[in-house]
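Here's the structure, in structure tokens; my notes come after.
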Amino acid sequence: MKSGLILGAIAYLYVARFGHCSDDKETKRPYKVFRFVPENLEALQFADRLYRSAADYKLDFWKSPKGVGIFVDVMVPPQYVDTFPTLLTQNNISYIVTIPDVAKLIEEREKPAEPDTSTKFIDILTSFFRSRKQDDRSTKALFNFGDYSNYPKITYWLQTIAFNYPSFTKTFKIGTTTEGRAIEGIKIGNPASSRDKKAVWIDGGIHAREWAAVHTALYIINELVSKYGYDPVVTHYVDSLNFYIVPCLNPDGYEYSRSDSSVPERRMWRKNRAKEKCGKDIWGRKACCGGVDLNRNFGFHWAESGSSDDPCSEVYQGTKEFSEPESRALRDMLLSPELNGKTDAYISFHTYAQMWMFPFGHQRNQVPDDVNDLRTVGREAVNALQSVFGTRYQLGTGADMLYPSSGGSDDWAKEKAKIKYTYLLELRPEESAYDGFLLEKSQLIPTGKETWAGVKKVIDAVLKKNHLEQNNRDSNNGGAGFLCRTIAAASNNYNDTENNQEMDDTVLDNKALDSKAFDNAMGTKMDNSKMERNVNSNLGDSSAIDVANAKAEDHRRCCYDKGHHCSNDNYKNYCSDHNSNCKTNKCCCNHNDVHAAPYRTVGKVRLEEACLQERAKRLR
């Protein structure tokens, strides 16, 4: 197709917009999402020109043109919903309407959940199954993982975690946004004060509309904090490394995208909320727009590919590299004395496409020197992720799988911050999904679970790189770490077993601690047979449990750290109370302990519950 014909087609939209008067009927027209496929080179050239003119007509390309035979998704505003299909037809391009009313779908998918007044925990997850009762304040950090949350709730949750678990968590602030919001994160590592350990960085929400990315970062936080001291793998992670997690790098944009769900253009906001800058559109008219695409603003091949110098573009790169407070904040934190040279993994969550990406994204067929390492660990991560629910991810560079784009945080982290294992994840749904950024709430927790399985492979690679692999003692069921985690887990009703396995009457199954208790507390089923079982254990005397609760938390971590076995001699064990002075404390009974023999009855009597009851009697 000749360029003149392309311009004529674009002009058709201009006439459609300005060649008639608006009326009430037009204002009631919905935003729609169209999918079309360029089936030849001429059609692809037309699609590419339309994409480059998107800002002038407020077209929001959810999936930009990539090649002949590859579909394109675009959200069209009300004033063009009649003329846009005519434009496609005139250019011999077939199409379908994938979302006839975007605002209606937003309302259906993201309407805030009604408060649950039933006795069940439906959709509400008790984040931490710990029940300390030393004083009157609640030490549980509650978060609704079955729904999307606003930024104030997110930061409050982070602060609640740090307040109640100061020994291995602390909040931090990396900077302040244009609108004055603090960009907050949480550090997880035992002890929280340590700054000499290797680090893993995780962030989400650099693009405002990608809500599921924010939620998944929160889920990772929950996995690390709630399972510390209970799950031997997680405990080893937190003892060996420092985790820095910023769930929302773009809080201004995120809150703006949540401010009015009835306006799809606002819900689909991508950039930060930088002040307006003015330029001219293709017709020479003055056009003023705000916001910068933060993932085009980093100082690596800035302003070269997949970005724009048009302030009205969705991929506006800014006036210069690191022009924005959010990108500068991330840069400064990763290059700070606390993290510079110590960070071995950088993982950034995005949506959507189900792709696990490694650098470089600025140009096709460009990879780092250690690409084999990145590909090997990435393949392990993708396989682990798929093993949870069968979700398939592609592995490769963003430039090769999607399109070249320069100025990204992941490319900068790899090349400039010199971070070994750098990945950008495009989470659910798959690239061909019609609903794109509007992920159903029922998929939030499964997305978090499977992503965590993949992320753990990256963490394992960091441990291996630094010769910090978990030793046999920590992973052995009979070890003291498992023993003390068992008593703590039982004291908090952590009572599901994975893969529908019963506890053996003589050997405690380590998988019981890596349980599905979060899902059981939700009271929902998630299309996976491993998540449908809920074993309700009878812990007996509640007053005895209350007494045990107050003590178990104080001593569970020290037993694990010191690696002592509980002896047969009055169950004594030397433990450190919060890593302070050592003292003799009553510990918990080993499954080989002769005193536990009376409780080895039959299958359904779980040994750790018997140990708990025995411990409670002694503590009283």
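In what follows, residues are counted from 1 in the order of the sequence shown.
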Excluding sequence neighbours, so at least two apart, what forms side-chain contact (heavy atoms from CB on, under 4.5 Å) with Ser64?
-> Tyr51, Tyr403

For Asp435, side-chain contact (heavy atoms from CB on, under 4.5 Å) partners two or more places apart = Leu105, Arg109, Pro429, Ala433

Write out all pairs satisfying side chain to side chain donor-acceptor pair (under 3.5 Å) with one or both partners inside residues 209-218, taking only residues at least two apart or from two chains.
-> Asp60-Arg209, His207-Glu210, Glu210-His350, Trp211-Ser257

Pairs flagged by salt bridge (charged side-chain N to carboxylate O under 4.0 Å, His left out) wherever residues 96-107 is involved - sequence neighbours left out | none

May I ask you to check whether Tyr346 and Tyr421 place their ring centers less than 6.0 Å from one another?
-> no

What do you reckon, is NZ of Lys170 surrounded by more than 12 foreign heavy atoms closer than 6.0 Å?
-> no

Going by an N to O cut-off under 4.0 Å, is there a salt bridge joining Arg258 and Glu110?
-> no

Close side-chain approach of Phe349 to Ile220, heavy-atom, < 4.5 Å | yes

Proximity of Trp452 and Tyr219 rings by center, below 6.0 Å | no

Indicate whether the side chain of Ser307 and that of Gln317 have a donor and an acceptor atom separated by less than 3.5 Å.
-> yes

Can you name the one residue among Tyr57, Tyr31, Phe84 that meets side-chain contact (heavy atoms from CB on, under 4.5 Å) with Val76?
-> Phe84

What are the two closest heavy atoms between Val238 and Leu224, and how far apart are they?
-> CG2-O, 4.0 Å

Do Asp310 and Ser308 meet the criterion of a side-chain donor-acceptor pair at a distance under 3.5 Å?
-> no

Side-chain H-bond candidate by donor/acceptor type, Asp203 with Trp201, under 3.5 Å | yes

Does a side-chain N-to-carboxylate-O contact under 4.0 Å join Arg52 and Asp48?
-> yes

Give a yes or no on this: more than 12 heavy atoms of other residues, nucleotides or ligands lie within 6.0 Å of atom NZ of Lys457.
-> no

Pairwise side-chain contact, Asn272 with Thr177, heavy-atom cut-off 4.5 Å (strictly under) | no

Give the intermediate values and the outcome of ring-ring contact (aromatic ring centres under 6.0 Å, His included) for residues Tyr95 and Phe34.
-> CA-CA 7 Å; Tyr95 69 90; Phe34 291 79; 5.7 Å; yes

For the ring pair Phe298 and Phe322, is the centre-to-centre distance below 6.0 Å?
-> yes

Quick one: are Phe300 and Lys416 in side-chain contact, heavy atoms under 4.5 Å?
-> yes

Salt bridge check: are Asp293 and Lys271 linked by an N-O gap of less than 4.0 Å?
-> no

Kindly state each residue pair satisfying salt bridge (charged side-chain N to carboxylate O under 4.0 Å, His left out) with at least one member in residues 320-334, sequence neighbours excluded.
-> none

In plain terms, say whether Arg29 and Asp82 are close enough for a salt bridge, that is, a side-chain N and a carboxylate O under 4.0 Å apart.
-> yes

Result for side-chain hydrogen bond (donor to acceptor under 3.5 Å, both in side chains) between Ser327 and one of Asn250, Asn295, Asn297 points to Asn297

Taking the six-membered ring for Trp and the single ring otherwise, decide whether the centroids of Tyr254 and Tyr256 are under 6.0 Å apart.
-> no

Which atom of Asn144 lies closest to which atom of Ser149, heavy atoms considered | O-OG, 4.4 Å

Aromatic plane relationship, Tyr228 with Phe168 - under 30° parallel, 30 to 60° tilted, over 60° perpendicular = tilted

Grab the two heavy atoms, one from Gly398 and one from Met357, that are nearest each other, plus how far apart they are.
-> CA-SD, 3.5 Å

Hey, are Asp400 and Thr397 close enough side-chain-wise for a donor-acceptor pair under 3.5 Å?
-> yes

In chain order, what residues pass the side-chain contact (heavy atoms from CB on, under 4.5 Å) check against Pro152, with sequence neighbours excluded?
-> Asn150, Glu255

Which heavy atom of Arg392 sits nearest a heavy atom of Gln354, and at what distance?
-> O-NE2, 3.0 Å

